[in-house]
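Here the structure is a predicted model, which means the values were calculated and not measured. By convention in this document, chain letters (A, B, ...) are assigned in the order of the sequence lines, proteins followed by strands, and residues within each chain are numbered from 1.
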There are 4 protein chains.
Amino acid sequence: MKKIITDKVSRKEREKLARRSEILKAARRIFAEKGLHETTLDDIAVKAELAKGTIYGYFENKDDLFFSVLEEAIGNLENVVQKTCQSDLPPQEKMLNLVKTMLSLFEKNEDLMQLMTRNQPGQLMHKMQEKMQNHFKNLIKSVSGVLQEGIRQGLFGKIDTEKAAAAFFNLIHGNAMSSFWNKRKIYNKEDLEFMANFYLHGISVYDEKEKK
Amino acid sequence: MKKIITDKVSRKEREKLARRSEILKAARRIFAEKGLHETTLDDIAVKAELAKGTIYGYFENKDDLFFSVLEEAIGNLENVVQKTCQSDLPPQEKMLNLVKTMLSLFEKNEDLMQLMTRNQPGQLMHKMQEKMQNHFKNLIKSVSGVLQEGIRQGLFGKIDTEKAAAAFFNLIHGNAMSSFWNKRKIYNKEDLEFMANFYLHGISVYDEKEKK
Amino acid sequence: MKKIITDKVSRKEREKLARRSEILKAARRIFAEKGLHETTLDDIAVKAELAKGTIYGYFENKDDLFFSVLEEAIGNLENVVQKTCQSDLPPQEKMLNLVKTMLSLFEKNEDLMQLMTRNQPGQLMHKMQEKMQNHFKNLIKSVSGVLQEGIRQGLFGKIDTEKAAAAFFNLIHGNAMSSFWNKRKIYNKEDLEFMANFYLHGISVYDEKEKK
Amino acid sequence: MKKIITDKVSRKEREKLARRSEILKAARRIFAEKGLHETTLDDIAVKAELAKGTIYGYFENKDDLFFSVLEEAIGNLENVVQKTCQSDLPPQEKMLNLVKTMLSLFEKNEDLMQLMTRNQPGQLMHKMQEKMQNHFKNLIKSVSGVLQEGIRQGLFGKIDTEKAAAAFFNLIHGNAMSSFWNKRKIYNKEDLEFMANFYLHGISVYDEKEKK
DNA sequence: AATGAATGAGTCTTCATTCAT
DNA sequence: GATGAATGAAGACTCATTCAT
């Protein structure tokens with residue numbers, strides 16, 4: 001008897017979570033496409049095949065929904081980046097894998113990348129700023145760790161790893177956005193090679209033979 | 001007699017331009033702070049110390065005003081970048097100067113930099129996209145030219161100069177934004193050195209003695 | 001079970017239609033009194049005891065509401081006229097009844113008559129013109145039919161029935177408007193007799209005995 | 001010396017009147033085309049080739065201008081009608097001439113006729129109502145006189161001449177409007193004949209031979 | 001819990017009117 | 001007297017949020 005009740009409750013909970021997730025998915029698509037302000041709750045309700053009022057059972061208000069979308073999105077990125085950084089590969093491989101992983105993620109989820117660009121600031125952002133900054137700090141810390149590892153191994157120069165990690169994200173994201181606007185594939189060999197090479201050696205002459 | 005008339009006319013014209021400029025200035029401040037959608041024409045009118053209706057004598061509507069602000073802003077950047085690129089210095093110095101100039105411009109006009117982040121999307125941007133893309137192409141062409149010059153002189157590696165130019169802007173702008181959010185000075189020695197070094201040599205070990 | 005659902009649905013639908021109808025009624029009153037341009041949606045909302053925004057759930061915009069009012073109004077007139085024209089009476093009686101019916105309708109719905117005067121012009125009318133012209137054509141066709149019947153029976157002269165039908169409406173409507181402005185009763189014996197007589201015989205001497 | 005001053009003054013006055021007249025002319029065109037509310041003072045100023053502010057030197061405000069236009073227009077009609085009614089012709093000829101004169105006037109001044117239809121009522125009209133009603137009364141009195149003359153001469157039946165006069169205007173104006181909307185010529189033989197015949201004999205059978 | 005109709009505050013935009021030049 | 005830039009009141013329309021069913 002108890003079990004049944006538990007089941008029922010947990011089914012309810014599961015359903016609740018599933019619906020929440022559907023809303024988030026729909027919202028993310030539309031927020032990415034139109035930005036926060038040009039998206040209406042009607043748009044989202046239609047996409048999620050729900051009544052507008054229902055959304056308020058799962059999120060406090062439009063801003064809350066938007067932030068939840070943002071947070072989920074950046075959480076995904078965080079997971080992917082962390083997993084790559086914690087692998088057992090040498091630092092250089094890790095960096096290369098990071099480029100690959102991120103471009104691939106952006107390619108599969110163009111909306112995620114757009115969402116990150118349309119970081120609508122203003123009043124809104126302020127409320128959320130702390131949370132988002134923490135997420136970004138986590139991302140930077142992960143990459144920063146890989147860079148420090150490389151420096152310890154004498155592979156990378158003694159640079160400011162936080163700045164370098166931030167630069168890393170700027171590069172990848174900027175490149176992906178540019179591909180997106182120009183309607184090129186986001187994940188492509190040329191860009192991969194350019195970025196890996198540029199990130200390692202900058203624009204200066206680089207003699208392949210020096211490497212070993 | 002004629003002169004007086006001419007004077008009058010030109011004074012009127014000057015006043016007209018001045019007023020337009022005042023509106024643009026006020027608008028730029030507020031658009032930068034709040035973004036397009038959270039800015040109301042009332043905000044701008046108050047800031048410009050004008051009646052709301054007056055703005056419509058100078059701009060067709062809110063969008064037109066916003067685009068004019070954007071265009072003026074990016075025009076400024078274009079001028080500064082072009083001037084630096086056309087100087088008589090060696091390519092490496094030019095690149096260093098570009099970093100300095102841009103950071104300095106961003107420091108003096110934080111709003112400009114914020115404005116550039118807010119790639120306002122959706123329907124709106126589309127109308128303007130062509131124009132804005134042209135501006136960006138010009139920026140990239142200028143920097144690209146410097147890079148090609150450096151390659152011809154054997155200073156830089158044979159990289160894709162357009163990608164590298166785009167990466168350049170992503171780096172500088174990203175760095176400046178990050179300083180801004182963390183309330184650090186945008187123009188500072190450490191960042192300058194980091195960026196110059198990173199852009200030239202990436203993160204790899206770089207032995208100063210190899211240089212010559 | 002099904003029945004309940006059906007009932008609910010149909011109740012909702014009925015309520016929806018009822019509300020729409022309330023709005024139309026309120027709008028018609030005010031449009032008639034003030035004309036399209038001097039009527040504000042606030043006026044209508046207040047009259048209909050609804051929030052302004054609610055109106056937009058039933059009509060696309062102010063113009064749509066106005067046209068809907070016009071159409072409903074002329075539709076009423078069309079029905080009344082058609083019914084009278086299709087009765088089994090001799091043509092002369094039909095014409096007399098038409099005068100009576102129309103004056104009576106105008107008396108009960110002064111707003112309807114006023115509405116018809118305000119041939120709102122310009123851009124606006126053009127959108128609707130075709131629809132309205134069709135309605136007017138229908139009206140004229142109905143009356144025209146009665147006149148043709150009368151001509152076939154040798155009761156009326158061989159006049160252009162379309163012109164005569166149009167003249168009929170001009171007369172009745174003009175007479176009603178004039179009563180309205182002069183604050184006389186719209187439906188009154190003298191006017192009825194005058195119109196019936198005038199329409200049949202014009203202003204010329206008419207010897208009652210000639211009739212038979 | 002005095003004469004010169006007088007001349008100057010009267011020249012000024014003449015110029016003033018001329019300008020006033022130009023404004024009226026421009027205003028009448030645009031009011032007729034767009035109606036009161038869709039016409040802006042800018043429209044009129046452009047048409048009159050004057051600055052907007054200048055209009056306020058000649059008319060108190062937009063409403064005053066509109067009423068002046070209306071009054072001038074109906075004054076023209078009044079003159080034409082009066083002149084025709086005071087001629088030395090027999091009543092039937094006078095009536096025929098009235099039809100001709102009015103149609104011809106409407107044809108030459110379509111705006112006048114439109115203006116009369118777009119008698120925007122509402123608040124506005126109320127202010128003016130008395131004046132306009134007087135004008136209409138004058139028109140009706142003139143025609144009424146002709147009808148009475150005809151009755152005295154045994155030409156017309158003993159009808160209510162005021163009603164018959166009003167009916168006359170409704171007929172002519174309605175007919176002209178209908179030609180206008182259907183893009184037919186306003187002054188044309190068929191309509192003339194129809195109206196003259198209809199007004200005299202209504203729709204009943206009329207044996208031409210009875211006439212004499 | 002889901003629904004979606006109702007709400008009304010908030011914004012852009014227009015335009016009659018004023019007034020300094 | 002003419003000008004036309006500035007003004008700000010007024011109005012249409014949108015949409016996040018609430019709430020009765």
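- One can place CD of B:Glu15 at 15 Å from P of E:dA20, the figure rounded to the nearest angstrom.
- Here E:dA16 presents its P atom at 8 Å from CD1 of D:Ile44, a figure rounded to the nearest Å.
- Across the protein-nucleic acid pair, D:His37 atom NE2 and F:dA10 atom C1' stand 14 Å apart, rounded to whole Å.
- Residue B:Asp42 contributes atom CG, which lies 15 Å from atom P of F:dA10 at whole-angstrom precision.
- Counting heavy atoms from C-beta outward, C:His135 and C:Leu70 have side chains that stay 4.5 Å or more apart.
- A side chain to side chain contact (heavy atoms under 4.5 Å, CB included) with C:Asp43 is found for exactly one of C:Lys34, C:Glu33, C:Arg29, namely C:Lys34.
- Looking at every heavy atom in both residues, B:Ile23 comes nearest to B:Leu65 through CG2-CD1, 4.2 Å.
- DNA chain E contains the following stems of three or more consecutive Watson-Crick or G-U pairs, with both distances under 3.5 Å: E:2-21 with F:2-21.
- In this structure, the OH atom of B:Tyr56 is 23 Å from the P atom of F:dG4, given to the nearest Å.
- One can place CD of C:Glu60 at 10 Å from P of F:dC13, the figure rounded to the nearest angstrom.
- The closest side-chain heavy-atom distance from B:Glu22 to B:Glu49 is not below 4.5 Å.
- When each of F:dC13, E:dA16, E:dC12 is scored by its nearest atom to the side-chain atoms of D:Thr40, the top-ranked nucleotide is E:dA16.
- Cation-pi contact between C:Lys16 and C:Tyr58: present, with separation from the ring centre below 6.0 Å and deviation from the ring axis of at most 45°.
- The closest donor-acceptor contact from the side chain of B:Ser21 to the backbone of B:Leu17 lies at 3.5 Å or more, if one exists at all.
- C:Leu41 comes within 4.0 angstrom of sugar-phosphate atoms only, judged by non-hydrogen atoms across all strands, and of no base.
- Put simply, NZ on C:Lys62 is 15 Å from P on F:dA10, counting in whole angstrom units.
- Looking at D:Phe59 and D:Arg20, their side chains come closer than 4.5 Å, going by heavy atoms from C-beta outward.
- Scanning both residues, B:Arg28 and B:Glu72, for their nearest heavy atoms gives NH1-OE1, 4.2 Å.
- A pairwise comparison of heavy atoms in D:Ala26 and D:Ile44 identifies CB-O, 4.1 Å as the closest pair.
- If you measure from atom CZ of A:Phe59 to atom C1' of F:dT17, you get 16 Å, rounded to the nearest angstrom.
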### Summary
Each nucleotide of nucleotides 4-9 of chain E classed B (base within 4.0 Å of a protein heavy atom), S (only sugar-phosphate) or -, in 5' to 3' order, makes BSBBB-
